[in-house]
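In what follows, a structure is listed as structure tokens, so that the remarks can point back to it.
Everything quoted here is computed from the prediction, not taken from an experiment.
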Amino acid sequence: MDLTAGKDSANPPLSAVAWLEQDRYYRWCTFLYLPLQYAGLVTGSWLLAHGGLSVVDKLGLTFSIGVVAGIAINTAHELGHKKESVERWLSKIALAQTLYGHFFIEHNRGHHVRVATPEDPASARLGESFYRFLPRTVLGSLQSGWELEKTRLRRGNKRVWSLRNDVINAWVMSLVLFGALVAAFGPGVLPYLLLQAVFGFCLLEVVNYIEHYGLLRQRTASGRYERCEPRHSWNSDNVTSNVLLYHLQRHSDHHANPTRRYQALRHFDQAPEMPTGYAGMIILAYVPPLWRRVMDDRLLSHYGGDVTMANIQPAKRSTVLARYGAAV
């Protein structure tokens, strides 16, 4: 569908941005995802328990539920960046299905600060396959989210182990949700619920993998990293994926303006462009040789042939530099 519908690089006129930001139609598009998400989860749980399905059918249903949960993380991403408390709480509710409540903290206060640097667990490196990236980002994001929240609470002289901790209260939501589903449909649904949660957050992480692969913010004379610019995120202006994912693929403007609502995000000519939409790029990421064949040269071209400007996987640094003719 991305290839058929094509791309749209047109931006809303500046005179329309304020009106777009205030138009509640777009806000309700995110709000209404949650009842659909949970209706699907409850219906799926009932089918797992009482639908008379084979194990293969149950696995297929579980992965379908996991896809819905993965897109719910994207919904949570849009909601969690906003200043209104109702949207921020809805973000946590959307994350409960995937046991990924810490994403609410880590993404906003960790990833957006460290994006496109070696210190960011959610920024993939040149030479790093998705399968090496996955455990690094899952564990690193969890640790980072906890440390960020612990620092915030201690700075305010508040207890870390309490419901004031946004990581803990998000995890409590997940425990309550899973406990209610097991109580309603029996313990036999629990393995499938856990599997859909893992598949859902892996879908998020493969999207993280493709969004910043190999891109690096350079250090300034002061030793700090330069400000995040459009060139530090991979964009993809494919119409279909953008409609499905709340313009997530206009990722450069999102990092420059994190609180800007999705309907007002803009295209930048200087942002590196992926060859197709997120669906196609996810499939490529699952097959590392294909991913490298498509993306490594594109990344090198973005840096004018200077591979030393990229964010390189440390274990592969010598190999990568030798491959592209740079001094080791």
Side-chain angles (χ1 to χ4, degrees), residues 106-107 110-141 144 204-237 248-256 258 267-278 280-328:
E106 157 56 21
H107 180 83
H111 174 62
H112 271 264
V113 173
R114 299 181 298 235
V115 63
T117 71
E119 290 78 22
D120 180 30
S123 292
R125 302 157 178 170
L126 172 61
E128 182 179 35
S129 73
F130 169 64
Y131 302 103
R132 289 202 60 165
F133 170 78
L134 182 61
R136 180 173 73 84
T137 188
V138 170
L139 296 175
S141 296
S144 174
L204 161 76
E205 297 300 359
V206 72
V207 169
N208 273 337
Y209 178 80
I210 69 178
E211 284 176 337
H212 302 284
Y213 177 75
L215 299 173
L216 180 65
R217 287 154 57 197
Q218 308 300 317
R219 289 192 182 272
T220 64
S222 66
R224 293 176 173 269
Y225 286 109
E226 62 183 326
R227 186 185 179 202
C228 187
E229 299 285 349
R231 64 181 182 274
H232 298 124
S233 304
W234 289 98
N235 264 21
S236 178
D237 277 332
L248 180 66
Q249 294 171 251
R250 291 195 165 186
H251 208 60
S252 297
D253 195 18
H254 168 68
H255 270 279
H267 163 84
F268 290 99
D269 289 334
Q270 64 267 44
E273 186 81 5
M274 289 188 285
T276 188
Y278 273 32
M281 298 309 297
I282 287 170
I283 297 300
L284 283 178
Y286 288 154
V287 188
L290 291 179
W291 173 266
R292 289 194 297 269
R293 182 169 183 175
V294 171
M295 289 301 295
D296 284 11
D297 287 342
R298 190 172 288 254
L299 174 66
L300 195 64
S301 177
H302 174 62
Y303 285 121
D306 186 358
V307 72
T308 62
M309 295 185 69
N311 184 8
I312 302 173
Q313 172 75 353
K316 297 286 186 69
R317 187 171 186 84
S318 297
T319 302
V320 168
L321 294 180
R323 181 187 305 154
Y324 293 109
V328 178

Answer whether the closest heavy-atom distance between the side chains of Val207 and Leu248 falls below 4.5 Å.
-> yes

Beyond-backbone contact of His111 with Ser123, side-chain heavy atoms, under 4.5 angstrom | yes

Closest non-hydrogen contact found for Ala271 with Ser252 is CB-OG, 3.3 Å

Side chain proximity check, Val138 to Glu205, heavy atoms < 4.5 angstrom | yes

Is the shortest heavy-atom distance from the side chain of His212 to the side chain of Asn311 under 4.5 Å?
-> no

Hey, is Arg114 close enough to Glu106 for a salt bridge, meaning N to O under 4.0 Å?
-> yes

Where does the angle between the aromatic ring planes of His254 and His107 fall among parallel (under 30°), tilted (30 to 60°) and perpendicular (over 60°)?
-> parallel

Answer yes or no: is there a side-chain heavy-atom contact under 4.5 Å between Val206 and Met281?
-> no

Quick check: are there more than 12 heavy atoms from other residues, nucleotides or ligands sitting under 6.0 Å from CZ of Arg219?
-> yes

State whether the number of non-hydrogen atoms from other residues, nucleotides or ligands found under 6.0 Å of Arg132 atom CZ is greater than 12.
-> no

Kindly say whether Met309 contributes a backbone atom to a donor-acceptor pair with the side chain of Gln218 at under 3.5 angstrom?
-> yes

Note: Leu215 and Tyr303 closest approach over all heavy atoms is CA-OH, 3.5 Å

Would a distance-only check, ignoring hydrogens and angles, find a side-chain to backbone donor-acceptor pair under 3.5 Å from His255 to Pro230?
-> no

Can any side-chain N or O of Tyr213 pair as donor or acceptor with the backbone N or O of Asn208 at less than 3.5 Å?
-> no

Is the backbone of His251 close enough, under 3.5 Å, to the side chain of Asn235 for a donor and an acceptor to pair up by distance?
-> yes

Closest contact, heavy atoms only, Val307 versus Leu126 = CG2-CD2, 3.6 Å

Indicate the ring-plane relationship of Phe133 and Phe130, choosing parallel, tilted or perpendicular according to the 30° and 60° boundaries.
-> tilted

Apply side chain to side chain contact (heavy atoms under 4.5 Å, CB included) to the pair Met274 and Val294, showing each step before the final yes or no.
-> CA-CA 9 Å; Met274 289 188 285; Val294 171; over 6 Å; no

Heavy-atom pair of closest approach, residues Ser222 and Thr220 = OG-OG1, 2.9 Å

Below 4.5 Å, heavy atoms only, C-beta onward: do Val320 and Gln313 meet side chain to side chain?
-> no

Under 3.5 Å: donor-acceptor pair, side chain of Ser236, backbone of Thr276 | yes

Can you tell which of Tyr286, Tyr131, Trp291 makes a ring-ring contact (aromatic ring centres under 6.0 Å, His included) with Tyr209?
-> Trp291

Nearest heavy-atom approach of Glu226 to His232 is OE2-NE2, 3.3 Å

Starting from the C-alpha separation in whole Å, work towards a yes-or-no answer on side-chain hydrogen bond (donor to acceptor under 3.5 Å, both in side chains) for Asp269 and His267.
-> CA-CA 7 Å; Asp269 289 334; His267 163 84; 2.9 Å; yes

Hey, is the main chain of Gly140 close enough, under 3.5 Å, to the side chain of Ser144 for a donor-acceptor pair?
-> no

Minimum side-chain heavy-atom gap Glu119-Tyr225 below 4.5 Å = yes

State whether the side chain of Arg231 and the backbone N or O of Gln270 hold a donor-acceptor pair below 3.5 Å, judged by distance alone.
-> no

Flag side-chain contact, heavy atom, 4.5 Å: Ile210 against Met295 = no

